[in-house]
Number of protein chains: 2
Amino acid sequence: MNSEFTIAVHSLVLLAYRSDRSATSEYIADNVGTHPARVRKVLSFLRKAGYVVTKEGSGGGYTLACDPDEVSLAEIYCITSIGSIKPSWCSGDEEEDCMIACNMADVMDGIFSEAEERMMTYLEQLKISDVLERVRVQASKK
Amino acid sequence: MNSEFTIAVHSLVLLAYRSDRSATSEYIADNVGTHPARVRKVLSFLRKAGYVVTKEGSGGGYTLACDPDEVSLAEIYCITSIGSIKPSWCSGDEEEDCMIACNMADVMDGIFSEAEERMMTYLEQLKISDVLERVRVQASKK
DNA sequence: GTATACTGTAATTATATTTATAACAGATAC
DNA sequence: GTATCTGTTATAAATATAATTACAGTATAC
């Protein structure tokens with residue numbers, strides 16, 4: 001799976017944790033453990049989908065624009081990583097004179113799509129606030 | 001996802017389609033669209049797990065050693081690609097002085113594991129014979 | 001209006017992963 | 001013994017991913 005999903009979830013959880021304060025891409029990048037430009041790219045998708053509000057210029061940054069109780073990981077997955085279950089490599093070849101070789105790519109494609117849907121029904125149940133709660137539980141274990 | 005899963009499923013479906021005839025790695029590789037050495041590597045895993053029987057030497061090759069009605073894609077996924085849902089890249093850093101940064105990697109790890117389990121309950125229902133049937137249906141559409 | 005501090009985005013470089021290929025030992029059939 | 005196969009490792013090539021650089025655009029403070 002694409003790690004932009006991880007970056008998006010981490011960023012949203014961080015913003016939810018900081019309640020309504022804004023955060024710069026540098027601050028988020030440091031917390032996530034990546035480069036600010038990468039955070040800006042991922043959060044730019046979230047902004048276009050309305051999950052965060054961004055403010056350019058001095059004193060700018062990112063703030064949460066959604067209710068963490070309402071937003072599921074499935075929505076975030078759709079924005080950042082849909083289709084990433086399926087490997088880019090495909091078996092078979094349409095030109096071969098064999099029923100298996102000709103059709104395996106299509107069949108596997110369907111299987112990967114259905115598998116992804118199953119995974120997404122799970123992610124639908126998980127909200128950003130649940131992830132934050134899991135972080136709290138994990139922290140209390142240490 | 002790792003494409004060894006695709007190669008394994010394709011090979012098993014091909015062997016099931018050819019009933020009890022054996023096939024060489026070169027024949028399978030040509031059908032799958034990869035290198036014989038890669039087929040040998042993947043089928044070597046399947047042999048160790050008892051799904052195929054191999055015969056070395058002249059006239060050798062691979063034959064199915066399982067009932068296609070009984071073997072699910074979940075079993076094959078376990079052998080070839082377990083854990084491949086989770087991206088190798090992890091966010092956060094245990095050393096940071098922030099609850100989110102410290103625990104996000106563990107939390108995401110758990111989420112990816114659960115997501116993978118959901119996907120696997122779907123793959124459990126799909127047998128090798130179902131995949132062969134899907135190939136037949138797909139072929140009849142053309 | 002100019003300096004400063006941000007985001008947005010594209011281009012480039014570096015790194016990691018994946019796939020293909022080569023090579024050869026070991027096994028079996030003839 | 002020779003030809004044909006698998007098993008396995010090592011290496012090279014291709015691809016995908018992540019980091020970095022660069023700079024235009026925008027808002028703020030002075």
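To find a chain, count down the sequence lines: A is the first, B the second, and so on, and within it residues start at 1. Keep in mind that this is a model prediction, so the values were computed, not measured.
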Any side-chain N or O of A/Tyr27 under 4.0 Å from OP1/OP2 of C/dT7? no
Taking 4.0 Å as the cut-off, does a side-chain nitrogen or oxygen of A/Lys41 come that near to OP1 or OP2 on C/dA11? no
Phosphate oxygens OP1/OP2 of C/dA29: is one of them under 4.0 Å from a side-chain N or O of B/Lys55? yes
If you apply the rule salt bridge (Lys or Arg N to Asp or Glu O under 4.0 Å), what do you find for A/Lys142 with B/Asp106, and how did you get there? CA-CA 12 Å; A/Lys142 290 178 179 169; B/Asp106 284 338; 3.6 Å; yes
Is the number of heavy atoms from other residues, nucleotides or ligands under 6.0 Å of B/Glu26 CD greater than 12? no
At less than 4.0 Å, is any side-chain N or O atom of B/Arg47 found next to OP1 or OP2 of D/dT8? Yes or no. yes
Selected nucleotide, minimal atom distance to A/His35 side chain, candidates D/dT20, C/dA20, C/dG8: D/dT20
C/dT7 phosphate, OP1 or OP2, under 4.0 Å from A/Ser25 side-chain N/O: yes
Looking at A/Arg38, does any N or O in its side chain come under 4.0 Å of the phosphate oxygens OP1/OP2 on D/dA19? yes
From the candidates C/dA29, C/dA5, C/dG8, the one with an atom nearest any side-chain atom of B/Ser58 is C/dA29
Less than 4.0 Å between a side-chain N and a carboxylate O, is that true for B/Arg134 and A/Glu114? yes
Taking 4.0 Å as the cut-off, does a side-chain nitrogen or oxygen of A/Ser88 come that near to OP1 or OP2 on C/dT18? no
Within 45 degrees of the ring normal and closer than 6.0 Å to the centroid, is that where the cationic atom of B/Arg18 sits relative to B/Tyr27? yes
A/Trp89 side chain N/O closer than 4.0 Å to the phosphate oxygens (OP1, OP2) of C/dA20? yes
